[in-house]
K.L.:
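Have a look at this one.
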Amino acid sequence: MRSAHVDVLIVGAGLSGIGAARHLQDKCPDKTFAIVEGRDAIGGTWDLFRYPGIRSDSDMYTLGYNFKPWTDSQVIADGGRIRDYIRETADEAGLQKHIRFGHKVVKATWSSEDAIWTLETCHKASGETVTMTCGWLMMCSGYYNYEQGFTPEFKDRDSFQGQVIHPQFWPENLDYTGKRVVVIGSGATAVTLVPSMTGKAQHVTMLQRSPSYVIAVPKRDALSDFLRKFLPEMLVYRLGRTRNILLTATMYRLSKTFPMAIRKMLMSQVRAKVGKDVDMKHFDPKYMPWDQRLCAVPSGDMFRELKAGRASVVTDHIDSFTPKGIKLKSGAELPADIIVTATGLDLQLFGGMAVVVDGKAVQMTETMNYKGMMFSDLPNFSNTLGYTNASWTLKADLIAEYVCRMLKHMDVTGTRIAVPRQRDPSVEAAPFLDMTSGYFQRAADRLPKGGSKAPWKLFQNYVLDMNLLRRGDVVDGVMEFAKAGKPQAQTQAEGHKVAA
């Protein structure tokens, strides 16, 4: 079965996909587009995850879109509020009619002769293969597997007589009242679950193999609440957004320049909040700040639960599961009625979609990232990947804007193909992402390469990316433009520049 051809096909109706469609609608109103979504609802991550306390780990002034203000006073927002914000954005722009729900993209095939992507999707309800075609493919499907999370192999797991749950698939009516809960993990999900479950659970223990950096952040923005009394909503939003971008960037830069000083500061704020009875070894990571993402604790909620004794942290390795809990390498046993494996994500590019260019299967490990949004030798194809050291949406907005500029340039020049070519022998291959987080390390052998310098180097820097993506020329000597056939540089494309 074949559906109508569109100029742009967006894969994913989450935060990135809805934002991309809104940018496209605003900046390229003459372009036809559709959104393909494998699930049956808008929201992506924020619709999928339903575990207790699910919330952002970035403030909503930066996780929100640059075109739509976040008006709620809760700036570290729970998942339901974020989901409502995304749906409201879609409704305001009339995007619902453009979304094909329940269509999972299985394969994308590019033809240079026709300058067209052909996508094979599986319609979930019928099992039927539906074919769609487009001129430009925008991947907004995130970077992890929606169908499974990551869970290590635990010895004797089947012997445990209680429930084992992964946060990605939280049971809708789980009753943990009066239960002893062990949360395995030390990342954002774990530090969210622990304080959210203590109100009902008998006790919640966070079992971590190694500590992470955690930092208390305000859940509400008192200054913005005050300014709303006098200033327009959009101005308040932009002021808060600018302030938080600068604060985050400054914190990151200081962490990289003075890691020991920032480490000491982070440890000190934890000590002040958890009290003298909590062993600080549980908050003493082996790595430096921002080698992995910091874990945000809104209003210090987890620290309060630890200080009150309703929750605890154990740092040890798991030996095996037992009928009544978990046996540790130290010999101790943690009793549990429910074990939550907050052990991370299964990183997966493009939702597992196969990519073929002119009859040849593309191995993403053989490609190189271009400007954090495209890949060498992959025509008319963009991928939305947010920041690891700041809000996801900051980068998502920039990528969507850049794609719109690219499409305008191609219209002006009469070209139909845009493909980045890496022909600079001085560019050395580098890791795609410079992060030590487990889910990145586990997938390192499946990721594209990064480069040693621009435009192949992935900058985790919003200011640099604004200059590169919002203001930089789309004609940069690396991007090749063509009309049809095998992509080659077109002299008529040179000299045409698209204004920011």
Side-chain angles (χ1 to χ4, degrees), residues 16 57-58 139 141-145 150 152 186-188 209-210 212-213 248-249 251-257 259 262-263 285-295 343-353 355 362-378 381-392 394-396 398-399 402 420-465 467-469 476 478-479:
S16 301
D57 63 351
S58 298
M139 299 301 301
S141 53
Y143 61 88
Y144 64 89
N145 190 340
F150 172 74
S186 61
R209 189 169 51 183
S210 58
S212 300
Y213 288 105
T248 302
M251 179 67 173
Y252 180 78
R253 179 57 60 91
L254 289 173
S255 296
K256 292 299 185 181
T257 307
I262 298 300
R263 177 187 176 91
K286 297 177 182 178
Y287 58 89
M288 288 292 109
W290 277 116
D291 286 349
Q292 297 181 23
R293 193 177 176 96
L294 301 186
C295 293
T343 44
L345 306 170
D346 177 27
L347 195 149
Q348 183 184 63
L349 285 178
F350 319 142
M353 175 186 79
V355 181
V362 175
Q363 303 299 322
M364 292 308 298
T365 55
E366 297 175 2
T367 68
M368 185 171 283
N369 157 75
Y370 171 83
K371 294 186 177 179
M373 57 164 285
M374 295 179 71
F375 305 95
S376 58
D377 303 326
L378 207 52
F381 183 104
S382 61
N383 179 57
T384 300
L385 182 69
Y387 292 113
T388 56
N389 65 349
S391 162
W392 178 276
L394 291 175
K395 186 66 174 287
L398 291 177
I399 290 172
Y402 190 87
R421 300 291 192 191
Q422 204 305 86
R423 295 193 175 102
D424 185 349
S426 69
V427 175
E428 298 179 1
F432 179 52
L433 288 166
D434 186 20
M435 293 287 286
T436 62
S437 302
Y439 60 101
F440 283 122
Q441 295 302 310
R442 289 193 298 270
D445 61 347
R446 306 196 302 269
L447 295 176
K449 299 180 179 68
S452 57
K453 63 181 182 180
W456 307 104
K457 184 177 177 63
L458 182 63
F459 295 104
Q460 297 290 340
N461 187 309
Y462 181 64
V463 175
L464 285 178
D465 281 337
N467 289 325
L468 189 68
L469 299 179
D476 60 1
V478 172
M479 184 68 67

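Predicted model, so just to flag it, every value in this text is computed and none were measured.
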K.L.:
If you look at every heavy atom in Trp290 and Lys256, which pair is closest and at what distance?
P.N.:
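Shortest heavy-atom separation between Trp290 and Lys256 comes out as O-NZ, 3.5 Å.
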K.L.:
Any luck finding a side-chain donor-acceptor pair between Arg293 and Ser58 under 3.5 Å?
P.N.:
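Result is yes, a qualifying pair exists.
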K.L.:
Donor-acceptor check, side chain of Asn369 to backbone of Gly372, threshold 3.5 angstrom: yes or no?
P.N.:
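The answer is yes, because a donor-acceptor pair under 3.5 Å joins these two groups.
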K.L.:
Within the supplied structure, the quantity of interest is the number of heavy atoms (other residues, nucleotides, ligands) at a distance under 6.0 Å from Arg263 CZ; does it exceed 12?
P.N.:
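It does: Arg263 CZ has more than 12 such atoms within range.
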K.L.:
Distance check, rounded to the nearest 0.5 Å: Tyr462 atom OH versus Ser391 atom OG?
P.N.:
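OG of Ser391 is found 9.5 Å from OH of Tyr462.
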K.L.:
Flag the pair Tyr252 / Pro289 as yes when at least one side-chain heavy-atom distance between them is below 4.5 Å, and no otherwise.
P.N.:
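When only atoms from C-beta onward are counted, Pro289 and Tyr252 do not touch, as no gap falls below 4.5 Å.
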K.L.:
Any donor and acceptor pair, going by atom type alone, linking the side chain of Lys371 with main-chain N or O of Trp456 inside 3.5 Å?
P.N.:
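Checked: no pair found.
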K.L.:
Can you confirm whether the side chains of Ser426 and Lys453 place a donor and an acceptor under 3.5 Å from each other?
P.N.:
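Present: a donor and an acceptor within the cut-off.
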K.L.:
Counting N and O atoms only, with roles assigned by atom type, does the side chain of Thr367 sit under 3.5 Å from a partner on the main chain of Pro448, one being a donor and the other an acceptor?
P.N.:
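No, Thr367 side chain to Pro448 backbone: no donor-acceptor pair under 3.5 Å.
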K.L.:
Using 0.5 Å steps for rounding, measure from the CE atom of Met373 to the CG atom of Leu398.
P.N.:
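Met373 atom CE to Leu398 atom CG measures 10.5 Å (nearest 0.5 Å).
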K.L.:
Looking at Gly451 and Met368, what are the two nearest heavy atoms and their distance?
P.N.:
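Closest heavy-atom pair between Gly451 and Met368: CA-SD, 3.9 Å.
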K.L.:
Measure the spacing between CD of Glu366 and CG of Asp377 and express it to the nearest 0.5 Å.
P.N.:
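Going from the CD atom of Glu366 to the CG atom of Asp377 covers 10.0 Å.
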K.L.:
What verdict does the side-chain contact (heavy atoms from CB on, under 4.5 Å) test give for Leu447 and Leu349, after you've listed the backbone C-alpha separation in whole Å, the side-chain angles of each residue and the deciding distance to 0.1 Å?
P.N.:
CA-CA 8 Å; Leu447 295 176; Leu349 285 178; 4.3 Å; yes
K.L.:
Taking all heavy atoms of Met251 and all of Ser255, pick out the closest pair and write down the distance.
P.N.:
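Closest heavy-atom pair between Met251 and Ser255: O-OG, 2.7 Å.
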K.L.:
If I compare all heavy atoms of Trp392 with all of Thr384, which pair ends up nearest, and what's the gap?
P.N.:
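Distance-wise, the nearest heavy atoms are CZ2-O, 3.6 Å.
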K.L.:
Any side-chain to backbone donor/acceptor pair from Gln422 onto Asp424? Under 3.5 Å, distance only.
P.N.:
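It does hold such a pair.
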K.L.:
Would you name the heavy atoms of Val463 and Asn461 that are closest together and state the gap between them?
P.N.:
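For Val463 and Asn461, the tightest heavy-atom pair comes out as N-OD1, 3.1 Å.
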K.L.:
When rounded to the nearest 0.5 angstrom, what is the spacing between OH in Tyr213 and CE in Met288?
P.N.:
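Here the rounded value is 4.5 Å.
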K.L.:
How long is the straight-line distance from CZ of Arg209 back to OG1 of Thr343, given to the nearest 0.5 Å?
P.N.:
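That separation rounds to 9.5 Å.
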K.L.:
Which of these passes side-chain contact (heavy atoms from CB on, under 4.5 Å) with Pro420: Tyr370, Phe375, Phe381?
P.N.:
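Between Pro420 and the candidates, side-chain contact (heavy atoms from CB on, under 4.5 Å) is satisfied uniquely by Tyr370.
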K.L.:
Provide the closest heavy-atom pair for Gly351 versus Ser141 in the form atom of the first, atom of the second, distance.
P.N.:
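Distance-wise, the nearest heavy atoms are N-OG, 4.0 Å.
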K.L.:
Is a side-chain donor or acceptor of Asp57 paired with a backbone partner of Ala188 at a separation under 3.5 angstrom?
P.N.:
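The answer is no, because no donor-acceptor pair under 3.5 Å joins these two groups.
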K.L.:
Rounded to the nearest 0.5 Å, how far apart are OG1 of Thr257 and CD1 of Ile262?
P.N.:
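With rounding to 0.5 Å, OG1 (Thr257) is 9.0 Å from CD1 (Ile262).
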